[in-house]
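Note that the structure is predicted; figures quoted are calculated from it, not measured.
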Amino acid sequence: MSIAAIDVDPQKTFTPLCPNELPVGEGDTIGSELNQQAKLANYRVLTKDAHPHNAIWVVEAHEDMLSPLDHPNADLTWVSHAVPGTTGFETIPDLPPVTDYDHVIWKGIEPDLHPYGACYHDLQEKLSTGLIEWLQSKDVSTVLIGGLATDYCVKTTALQLQATGLFKVIVNLAACRGIAAKTVEQACHEMKVAGIRVCSCTEAVKALL
């Protein structure tokens, strides 16, 4: 059985390098930790947000974000971010080129879809991105997760994988950064309750393998 390391949305859009998008404090500093995590795995997977300018959830100002939407697959408003071809779409420093990964998932390409997790294109979790199936095809039994942000896409991806019952899921907090301390704490609690192993460092991850 194999191990896969998943880099969840480690993009400049979620860092101070793109202050007008969705910056997460120190989001641009986790590259080396993601690389260390990947050394423990047989396969390395990258997920990236890839959103169009004309997405139905886009608002102009940050103060207009997080308003509920009456749409089945886009629940909240956000400022434009992670648009292909822009700086925000790029991965953070220290990470390898996209072509060096074993598998890549692009999500949120359709203007009326805004998923958080990497396993499904839709919020109703009916349309698979193929990530679960790819992991199965490689006989992966354990997944190591890091990325941005802890309290949104990392949490949702981990919960989706855990819900399959197919994998041991480990979240490495040293390879993550979150939006706010309160929501990160809540996310960690949700993941632990679901049976996900939440670790504070790579050494702790090693102990669980």
Side-chain angles (χ1 to χ4, degrees), residues 1-18 21-24 26-52 81-109 115-121 128-150 152-158 160-161 164 166-178 199 201-206 208-209:
M1 304 297 274
S2 302
I3 300 170
I6 304 178
D7 298 357
V8 176
D9 303 356
Q11 295 166 264
K12 293 178 182 177
T13 190
F14 301 120
T15 77
L17 300 175
C18 290
E21 296 188 24
L22 297 174
V24 175
E26 298 185 349
D28 54 328
T29 68
I30 62 172
S32 60
E33 192 65 39
L34 288 170
N35 291 337
Q36 290 299 313
Q37 174 177 282
K39 291 179 181 178
L40 304 176
N42 306 100
Y43 301 102
R44 189 172 189 179
V45 177
L46 173 68
T47 79
K48 296 184 75 175
D49 271 5
H51 299 313
H81 61 278
V83 177
T86 67
T87 299
F89 182 69
E90 299 171 0
T91 52
I92 61 174
D94 301 323
L95 294 185
V98 169
T99 48
D100 284 357
Y101 283 83
D102 297 296
H103 192 57
V104 182
I105 296 291
W106 291 274
K107 57 193 179 76
I109 297 171
Y116 300 102
C119 296
Y120 301 96
H121 289 293
S128 174
T129 62
L131 176 58
I132 293 168
E133 294 80 359
W134 185 86
L135 293 170
Q136 286 183 284
S137 76
K138 299 300 182 181
D139 292 322
V140 170
S141 59
T142 300
V143 290
L144 313 178
I145 300 177
L148 302 169
T150 313
Y152 278 90
C153 297
V154 169
K155 177 192 76 172
T156 306
T157 299
Q160 288 174 344
L161 290 168
T164 67
L166 298 170
F167 315 105
K168 177 165 72 173
V169 181
I170 303 172
V171 172
N172 178 16
L173 293 180
C176 302
R177 294 294 185 273
C199 299
C201 64
T202 303
E203 290 304 314
V205 171
K206 288 181 183 179
L208 290 175
L209 296 178

Quick one, Arg44 with Leu34, criterion side chain to side chain contact (heavy atoms under 4.5 Å, CB included). Give me CA distance, side-chain angles, the key distance, then yes/no. CA-CA 10 Å; Arg44 189 172 189 179; Leu34 288 170; 3.8 Å; yes

For Cys199 versus Val205, what's the shortest heavy-atom pair and its separation? CB-CG2, 3.9 Å

Between the main-chain N or O of Arg177 and the side-chain N or O of Thr150, is there a donor-acceptor pair closer than 3.5 Å? yes

Could you give the distance from NZ (Lys206) to CD (Gln36), rounded to the nearest 0.5 Å? 7.5 Å

What is the minimum heavy-atom distance between Val83 and Phe89, and which atoms define it? O-CB, 3.2 Å

Side chain to side chain donor-acceptor pair (under 3.5 Å) involving Lys107 - partner list, sequence neighbours excluded: Asp9, Asp49

What's the shortest heavy-atom distance between Pro16 and Asp28, and which atoms? CD-OD1, 3.7 Å

Any non-hydrogen side-chain atom of Thr129 less than 4.5 Å from a side-chain atom of Thr47? no

If you round to the nearest 0.5 Å, how far is CD of Glu90 from CG of Leu17? 9.5 Å

Side-chain contact, heavy-atom cut-off 4.5 Å: Ile3 with Leu40? no

Residue from Ile170, Leu135, Asn42 passing side-chain contact (heavy atoms from CB on, under 4.5 Å) with Thr142: Ile170

Does Thr156 reach the side chain of Gln160, with side-chain heavy atoms less than 4.5 Å apart? yes

Is there side-chain contact between Asp102 and Trp134, with heavy atoms separated by less than 4.5 Å? yes

Distance from Gln11 atom CD to Thr91 atom OG1, nearest 0.5 Å? 8.0 Å

Do any N or O atoms from the side chain of Thr13 and from the backbone of Glu21 form a donor-acceptor pair under 3.5 angstrom? no

Does any part of the side chain of Phe14, heavy atoms only, come nearer than 4.5 Å to the side chain of Leu22, both counted from C-beta? yes

How many angstroms lie between atom SG of Cys176 and atom CD1 of Ile30, to the nearest 0.5 angstrom? 6.5 Å

Taking all non-hydrogen atoms of both residues, which atom of Asn172 and which atom of Thr202 are closest, and how far apart? ND2-OG1, 3.4 Å

Donor-acceptor contact below 3.5 Å, side chain His51 vs main chain Gly108: yes

Inter-residue atom distance Glu33.CD - Asp94.CG, 0.5 Å rounding: 11.5 Å

Between Val45 and Val143, is the side chain to side chain contact (heavy atoms under 4.5 Å, CB included) condition met? List the steps. CA-CA 10 Å; Val45 177; Val143 290; over 6 Å; no

Where Gln37 and Leu144 come nearest, the two heavy atoms and their spacing: NE2-O, 3.5 Å

Atom of Thr15, atom of Pro23 and distance for their closest heavy-atom approach: O-CB, 3.3 Å

So, do His103 and Ile6 sit near enough that their side-chain heavy atoms are less than 4.5 Å apart? no

Between CD on residue Glu26 and CD1 on residue Ile92, distance to nearest 0.5 Å: 11.5 Å

